[in-house]
Protein chains: 2
Amino acid sequence: MRVLVPQKSLAETLAAVERVVPSRSSNPGMNLVKVDIGHDGLVMSGSNMDVDIRAEVAADVTTSSQEGSPDGGSYAVTAQLFAQVVRSLPGDEVTIEFGETEMHLTSGHYDTKLQLMSAGAAPELTFPTRFAGEVDAEELSRALRAVRYAAAVADFQAVFRGVKFEFTEAGMRTVATDGFRLAYYATELSTGLTGDIIVPAQSVDELLRVLGSGEALLELGDSELSVLHRGVSLNLKLMDGTFPDYERVIPTDFPVSVTLNPSTLAESLARVAVVTDRSSNNRVDLFVKNGQLLITAEGGYGRSQEALAVEQEGSESEIRLSYNSKYLIDALTPIRGDARLRFSGSSSRASVLNDLGDPGYLAMVVPLKLD
Amino acid sequence: MRVLVPQKSLAETLAAVERVVPSRSSNPGMNLVKVDIGHDGLVMSGSNMDVDIRAEVAADVTTSSQEGSPDGGSYAVTAQLFAQVVRSLPGDEVTIEFGETEMHLTSGHYDTKLQLMSAGAAPELTFPTRFAGEVDAEELSRALRAVRYAAAVADFQAVFRGVKFEFTEAGMRTVATDGFRLAYYATELSTGLTGDIIVPAQSVDELLRVLGSGEALLELGDSELSVLHRGVSLNLKLMDGTFPDYERVIPTDFPVSVTLNPSTLAESLARVAVVTDRSSNNRVDLFVKNGQLLITAEGGYGRSQEALAVEQEGSESEIRLSYNSKYLIDALTPIRGDARLRFSGSSSRASVLNDLGDPGYLAMVVPLKLD
């Protein structure tokens, strides 16, 4: 079996598979990529338990006269080594000959033989062939990037490390929270799916790397969300557990709100927070009065402040609250139009950020409780 | 005391000082930068014990009527915090007012006060005012970059972690070796200095970051080499110890040598070595015969080879030797013209690489001893 394939497309496809497949694993076979030879190309697949990936690359497949149909040849090879070898190839095209125990790659003056294992040594994966749902890939990417930052890195409740998808007939909403801040993104685009699921945030990162432009097909199984986009299939394993009833905690009454450019505010917050000590949770104090937002911070070696002019509603009141500046900056980053910050007026109740350029986005940040 | 200084030049100068000064140190005061206010600018200095740095930045200095001469004001401040604050400033200019216990920085709407310590809290540093030597900074940079890679990262003999400078009336030579490979670079430019010294390779890295174009002034003290270049002074502490008598071990008799493009060879070596196992010292085998250089490698999961056409001298002989491919690639990197590899014909004697485009460079790599 002889396959002629462009180096660039093979390298790119293998890079996507290699990102998912672990380079070392205590589970035998987990570090392998399965290679299936079809009539018009190669299909490569692998898994890291949380995410399965399957990617196709077009190739010229020829069979020598002694062999039968080219369809049906399946092999397994170490994913990282295969990807590294292909990445380093000197020529524009690669010839791969599949033998009994070795695959023989040639390109330019370079020549390598990699050990093959039987396809059965690689994890057995199944990918859906029918998809009940469909979504614009850029819209899905936006909905996930807008909330991804709010998921916890490590927490006692596993669901805090996940992103919730709420599929309804009216649209899709994505939500993430770590208990101190929350972000959601609501679209009115119906995907054709219904149901609430939670996907590990790290699996969302793998999905985000794959999403480009065009349509993405979706299928919801009992234990996984599957996505097919531009020849790449992903199965994202779902998380068990109950996501917090977050809508209940989003305040609805805001005595004061301010509107300003989100980058201006994010840069000021970063600048003022430079003097804070490591132990202070990046604390900055916000003081709103008479159309001015004053940001102050202090640490063991200095103190800083910066005053910004803002459009203030509820100007008869003043607000004095403390925040983790990093949380505010994270919440501002997805905002494309002007940012509106709404203060519930008490340090025990969250403040809410909206994007005046995109009504789908909402972020919530809980002020720091001070001793 | 009031100082008006461009943000960009202050940030760049502080960045150079901050790279040297440790952010935390068990030696009190070691993390401070000393700021001296002169008539026409600020002078900042700090140290990490191995390297002292002193950098000037031009500024408008004004004195209020109650104060005396602006000359002589000296303060100390945490280097990392000062550098971070200045880096994040929003405006093009910074105003700094030096008070009794605080420096007050303002820029745009931003305002910060950093704690000042007395100048005596910072390390006491002296920099030469007279320089006996002089060298072209780009030439010095070339001479150091060409050999830096060959210094050891960690070794029982400290001198292997240093770079030797040999200053003679005929010129300057730089040398580094870790016992398995060696590089030297000889120039015929007389610097005006004489003597052999060893400078820690990490201090050489600091010097390389400072060197741009133009002249660099040199001064050799009892325990340090001082360099003044474009307003930045460095004192590089010297290492004790005896550098190996390296000239004795450079072979002079080479039955076979080959000439080829250094990038072509480096890329082939990297490509072929992909299949090697971690435990193999990146082993590649070189086989030279009839104007062909065949590079082969193998590991637990595969084997690779690539054949390159070379210009061969001593074509009646053939050569079969093994090397750490990383050492060969490092040795090829500084070569600007064609590379000549000269083989002494035995695995116990080093091979020598020359740059046909620059006679000043010589590298030596010891073949791998195989069991």
Side-chain angles (χ1 to χ4, degrees), chain A residues 23-24 31-32 76-91 101-117 263-264 266-278 292-309, chain B residues 23-24 31-32 76-91 101-117 263-264 266-278 292-309:
Chain A
S23 59
R24 285 139 183 265
N31 63 339
L32 298 177
V77 62
T78 310
Q80 197 185 22
L81 184 61
F82 188 23
Q84 280 178 348
V85 163
V86 170
R87 207 162 32 236
S88 71
L89 291 177
T101 58
E102 287 183 326
M103 66 196 286
H104 185 178
L105 288 91
T106 48
S107 177
H109 294 286
Y110 176 80
D111 193 318
T112 191
K113 286 175 177 158
L114 301 182
Q115 216 178 93
L116 285 173
M117 271 144 273
S263 312
T264 303
E267 286 162 21
S268 286
L269 288 164
R271 197 147 53 216
V272 172
V274 166
V275 296
T276 59
D277 298 328
R278 274 156 209 254
Q292 195 196 55
L293 168 61
L294 179 70
I295 308 166
T296 60
E298 61 179 279
Y301 295 102
R303 51 213 155 91
S304 297
Q305 64 172 54
E306 188 159 346
L308 300 174
Chain B
S23 58
R24 285 138 183 267
N31 63 339
L32 298 176
V77 61
T78 311
Q80 196 185 23
L81 183 61
F82 187 22
Q84 280 179 347
V85 163
V86 170
R87 205 160 36 232
S88 72
L89 291 178
T101 58
E102 287 184 326
M103 66 196 288
H104 185 177
L105 288 91
T106 49
S107 177
H109 294 286
Y110 175 82
D111 193 318
T112 193
K113 287 175 175 157
L114 301 182
Q115 215 177 95
L116 285 174
M117 270 145 274
S263 313
T264 304
E267 285 162 22
S268 285
L269 288 165
R271 199 150 48 220
V272 171
V274 166
V275 297
T276 58
D277 299 326
R278 274 156 209 256
Q292 195 196 55
L293 168 61
L294 179 69
I295 308 166
T296 60
E298 63 179 279
Y301 295 101
R303 49 213 156 90
S304 297
Q305 64 173 55
E306 188 159 347
L308 300 174

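Every chain is numbered from 1 and lettered A, B, ... according to where its sequence line falls, protein lines coming before strand lines.
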Under 4.5 Å from any heavy atom of chain B, what part of [X] do you find: side chain, backbone, both or neither?
X	answer
A:Leu308	neither
A:Glu298	neither
A:Val272	both

Before you tell me yes or no, could you show the steps for B:Arg303 and A:Glu102 under side chain to side chain contact (heavy atoms under 4.5 Å, CB included), namely the whole-Å CA-CA distance, both residues' side-chain angles and the distance that decides it to 0.1 Å?
CA-CA 10 Å; B:Arg303 49 213 156 90; A:Glu102 287 183 326; 2.6 Å; yes

With a 4.5 angstrom heavy-atom cut-off, is it the side chain or the backbone of B:Leu116 that approaches chain A, or both, or neither?
neither

How many angstroms lie between atom CG of A:Asp111 and atom CD1 of B:Ile295, to the nearest 0.5 angstrom?
12.5 Å

To the nearest 0.5 Å, tell me how far A:Tyr301 OH sits from B:Thr78 OG1.
5.5 Å

Nearest heavy-atom contact between A:Pro90 and B:Glu306 is CG-OE2, 4.5 Å

Closest heavy-atom pair, A:Leu81 versus B:Val274, reported as atoms and distance to 0.1 Å, is CD1-O, 3.6 Å

Taking B:Ala307, B:Ser88, B:Gly302 one by one, which has the highest count of heavy-atom pairs under 4.5 Å against chain A?
B:Ser88

Flag if over 12 foreign heavy atoms under 6.0 Å of NE2, B:His104
yes

Answer yes if the side chains of A:Ser304 and B:Tyr110 hold a donor-acceptor pair under 3.5 Å, and no otherwise.
yes

